[in-house]
Amino acid sequence: MQEDLFKRLVSHCKEYGFIYPSSEVYDGLNGVYDYGPMGVELKNNIKEYWWRSMVQMHENITGIDSAIFMHPLIWKASGHVDAFNDPLVDNKDSKKRYRADVLVEGEIDKMIAKADKEVDKAAKRFGETFDEKLYRETNPRVLEYTQKAEATEKRLANALKNNDMADLKALIEELEIADPDTGSRNWTEVRQFNLMFSTQMSNIGGDDGKLYLRPETAQGIFVNFSNVQKTTRQKIPFGIAQIGKAFRNEIVARQFIFRMREFEQMEMQFFVRPGTEMEWYNTWKARRMAWHRAVTPAEKLRFKDHDNLAHYANAAVDVQFEFPFGFKELEGIHSRTDFDLGSHSQLSGKKMQYFDPELNEHYTPYVVETSVGCDRMVLSVLSNALVEETVPDAQGEDSSRTVLRVHPALAPVKCAVLPLLKNKDELVEKAREVYDKLKFHFICQYDEKDAVGRRYRRQDAIGTPYCVTIDFETLENNTVTIRERDSMEQVRVPITEVAKIVGDKTDMRKLLEMLA
RNA sequence: GCGGUGGUAACUCAGUUGGUAGAGUGUCAGCCUUCCAAGCUGAAUGUCGCGAGUUCGAAUCUCGUCCGCCGCUCCA
């Protein structure tokens with residue numbers, strides 16, 4: 001059922017020009033998609049909704065557009081060079097894949113557990129006279145375990161530091177580590193998976209010329225913190241917003257545009273006084289949920305706290321949407337502490353602090369981040385909107401229609417202009433006139449092909465909220481009918497009012513006002 | 001990467017024991033039509049994923065290869 005909906009959605013997206021598989025004529029490129037004529041409009045509207053809700057609606061939030069190429073040290077400071085490199089190993093028998101370092105760490109834990117067990121046993125034996133410290137330092141068996149654990153830890157750290165995959169493999173073999181599930185010791189070579197794409201800036205020679213395509217837009221904001229603060233004279237708390245492409249070499253890209261290798265983020269980093277970050281974290285949680293609820297039913301949205309916090313965060317929550325394949329992350333809200341600014345400050349040697357006149361002191365601001373996946377937002381809007389319903393046809397019989405119930409402010413085309421009949425020149429001519437007026441206000445489509453009912457259905461399929469029909473009465477008194485997508489109801493209005501009526505209903509302002 | 005599964009028109013799919021491709025929808029042109037898809041007439045569109053083999057003959061059989069989907073590993 002749900003899977004059917006998802007398949008229908010994917011083909012609908014292609015059929016009506018929303019989303020095409022990338023490089024299709026060359027058999028496609030896994031995990032990459034192109035936006036078509038309807039898709040780009042929808043996506044731009046989503047971006048505009050976000051941008052205006054951040055930058056236009058908050059005097060203390062400004063936007064930037066930083067470059068995708070950044071100095072390679074940025075990714076060192078951010079922790080991505082380390083955190084994005086996972087050494088993976090496959091078990092040939094069980095076909096399971098593990099992180100090699102996690103396997104070794106598990107083995108180290110076992111060694112420590114063994115030592116602890118020896119200590120426990122001795123403690124029971126000696127009773128109250130037991131000196132744990134002395135025992136740990138002198139008992140040969142405990143010593144053997146702890147020393148082995150320490151040595152292994154050291155070797156693991158070295159191997160990771162030097163990217164020595166061969167030694168990692170050797171370590172797994174020497175420790176006789178078995179697959180936790182099956183007990184098999186039949187391992188493949190350990191391979192490094194780099195989740196960042198790299199490229200070459202050719203006029204810098206050798207390895208130093210290696211650059212990464214940014215895996216998140218946030219760092220472009222952090223490294224511009226001082227520039228923005230000084231040039232805009234913002235006082236803390238204030239935020240910097242950015243929309244842009246990011247790139248991650250996912251091991252598997254799946255679920256249509258949900259997880260792509262090239263994707264777009266809408267991120268806002270909010271800089272606050274240390275100690276106030278949880279307050280702001282909760283404020284932004286609420287604001288962001290309100291933003292989502294303005295376009296998505298509340299029951300399809302929920303918060304999901306992170307079980308494991310990232311290296312930079314002291315609190316993290318996801319906004320999840322119920323996709324056809326289950327509740328999945330749409331947006332992340334993180335309290336990033338002063339990790340990023342502190343780290344860049346340390347590595348670059350440049351101060352990234354703020355002088356707080358109220359406190360009369362310098363500090364490194366804390367950061368609360370909101371980060372939405374733009375493409376995921378497109379997917380959520382589409383999967384929430386696509387409906388197949390039964391409506392009466394001209395004879396009052398049941399007929400089905402496919403309709404995209406997207407919010408009018410997000411709809412790719414706002415208005416279709418239709419002459420009732422195309423073989424009547426007066427109607428066609430008048431319709432052209434109306435179209436030529438409306439096109440200055442919003443995106444319109446003119447269509448005269450086929451019966452008008454069929455044209456309505458065509459517009460329904462791409463989510464056009466309003467259809468204006470020019471009929472014989474129009475020729476008499478300059479009025480037209482406006483047909484609304486969801487209710488299919490029509491009202492007759494003077495031509496001179498169409499731009500205002502449709503404009504009001506499709507204006508982004510409607511959405512923004514819901515956030516107040 | 002492994003396992004499962006699939007690749008035929010823009011979309012959804014059919015194609016029987018091997019005889020060089022069809023349907024519905026959609027698209028285009030024309031007719032009809034005074035407001036909600038499926039009225040009439042006509043038309044265009046396929047290297048049947050790609051390559052090799054078997055065969056007189058391959059969408060169909062064999063092998064290889066590429067790509068997609070689902071699951072596992074990963075997801076800061």
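Letters A, B, ... mirror the listed sequences (proteins, then strands); counts begin at 1.
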Under 4.0 Å, heavy atoms only, any strand: does [X] hit a base, just the sugar-phosphate, or nothing?
{"X": "A/Leu29", "value": "sugar-phosphate"}
{"X": "A/Asp398", "value": "base"}
{"X": "A/Gln490", "value": "base"}
{"X": "A/Pro21", "value": "nothing"}
{"X": "A/Lys14", "value": "sugar-phosphate"}
{"X": "A/Ser400", "value": "base"}
{"X": "A/Phe18", "value": "nothing"}
{"X": "A/Asp460", "value": "nothing"}

Spacing between [X] atom [atom1] and [N] atom [atom2], to the nearest angstrom:
{"X": "A/Glu448", "N": "B/rU33", "atom1": "CD", "atom2": "C1'", "value": "14 Å"}
{"X": "A/Asp450", "N": "B/rC32", "atom1": "CG", "atom2": "C1'", "value": "12 Å"}
{"X": "A/Arg455", "N": "B/rU34", "atom1": "CZ", "atom2": "P", "value": "13 Å"}
{"X": "A/Glu388", "N": "B/rU25", "atom1": "CD", "atom2": "P", "value": "15 Å"}
{"X": "A/Gln320", "N": "B/rC75", "atom1": "CD", "atom2": "P", "value": "16 Å"}
{"X": "A/Arg8", "N": "B/rA10", "atom1": "CZ", "atom2": "P", "value": "22 Å"}
{"X": "A/Tyr20", "N": "B/rA10", "atom1": "OH", "atom2": "C1'", "value": "10 Å"}
{"X": "A/Arg458", "N": "B/rC11", "atom1": "CZ", "atom2": "P", "value": "18 Å"}

Measuring to OP1 and OP2 of [N], would you say a side-chain N or O of [X] lies under 4.0 angstrom away?
{"X": "A/Lys422", "N": "B/rG30", "result": "yes"}
{"X": "A/Asn30", "N": "B/rG68", "result": "yes"}
{"X": "A/Arg454", "N": "B/rU33", "result": "no"}

Specify the closest pair of heavy atoms between A/Tyr456 and A/Cys467, including all atoms of both residues, with the distance to one decimal.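 Closest heavy-atom pair between A/Tyr456 and A/Cys467: CE2-CB, 3.6 Å.
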
Nearest heavy atoms of A/Ile221 and A/Gln242, plus distance in Å: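 So the minimum-distance heavy-atom pair works out to CG1-NE2, 3.6 Å.
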
Using Watson-Crick or G-U wobble geometry with both distances under 3.5 Å, which nucleotide pairs with [N]?
{"N": "B/rG18", "answer": "none"}
{"N": "B/rC48", "answer": "none"}
{"N": "B/rC35", "answer": "none"}
{"N": "B/rA10", "answer": "B/rU25"}
{"N": "B/rU55", "answer": "none"}
{"N": "B/rC2", "answer": "B/rG71"}
{"N": "B/rG30", "answer": "B/rC40"}

Could you check whether [Y] and [X], counting side-chain N and O atoms only, form a donor-acceptor pair closer than 3.5 Å?
{"X": "A/Arg492", "Y": "A/Thr479", "answer": "yes"}
{"X": "A/Thr199", "Y": "A/Tyr212", "answer": "no"}
{"X": "A/Glu433", "Y": "A/Tyr435", "answer": "no"}

With [atom1] as the reference atom in both, quote the distance from [N] to [M] in angstrom, rounded to an integer.
{"N": "B/rC40", "M": "B/rA21", "atom1": "C1'", "value": "28 Å"}
{"N": "B/rG24", "M": "B/rC66", "atom1": "P", "value": "38 Å"}
{"N": "B/rU47", "M": "B/rG51", "atom1": "C1'", "value": "13 Å"}
{"N": "B/rA14", "M": "B/rU54", "atom1": "P", "value": "31 Å"}
{"N": "B/rA38", "M": "B/rG71", "atom1": "C1'", "value": "40 Å"}
{"N": "B/rG18", "M": "B/rA52", "atom1": "P", "value": "23 Å"}
{"N": "B/rG19", "M": "B/rA59", "atom1": "C1'", "value": "12 Å"}
{"N": "B/rU55", "M": "B/rU41", "atom1": "C1'", "value": "44 Å"}

Both conditions, 6.0 Å and 45 degrees, for the charged tip of [X] above the ring of [Y]: are they met here?
{"X": "A/Arg288", "Y": "A/Trp291", "value": "yes"}
{"X": "A/Arg485", "Y": "A/Tyr466", "value": "no"}
{"X": "A/Arg302", "Y": "A/Phe327", "value": "yes"}

Counting side-chain heavy atoms from C-beta on, which of [options] comes nearest to [X]?
{"X": "A/Ser399", "options": "B/rC75, B/rA38, B/rC35", "result": "B/rA38"}
{"X": "A/Thr481", "options": "B/rU34, B/rC35, B/rC36", "result": "B/rC35"}
{"X": "A/Ser11", "options": "B/rC36, B/rU34, B/rC11", "result": "B/rC11"}
{"X": "A/Phe472", "options": "B/rC28, B/rU34, B/rC35", "result": "B/rU34"}
{"X": "A/Arg259", "options": "B/rU34, B/rA37, B/rC75", "result": "B/rC75"}
{"X": "A/Asn423", "options": "B/rA37, B/rU34, B/rU33", "result": "B/rU33"}
{"X": "A/Glu15", "options": "B/rA37, B/rA10, B/rC70", "result": "B/rA10"}

If you assign A/Leu421 and A/Glu484 each to the RNA chain B nucleotide with the nearest heavy atom, which residue ends up on the more 5' nucleotide?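 Checking each residue's closest nucleotide, the 5'-ward one belongs to A/Leu421.
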
Between A/Tyr16 and A/Asp471, which is nearer to the 5' end of RNA chain B once each is assigned its nearest nucleotide?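 It is A/Tyr16 whose nearest nucleotide is closer to the 5' end.
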
Indicate yes or no: does A/Lys422 engage A/Asp450 in a salt bridge with an N to O separation below 4.0 Å.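 The answer is no: the pair does not qualify as a salt bridge.
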
Suppose we call a contact any N or O donor and acceptor under 3.5 Å apart; does that hold for the side chain of A/Asp393 and the base of B/rC36?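 Answer no: no donor N or O sits under 3.5 Å from an acceptor.
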
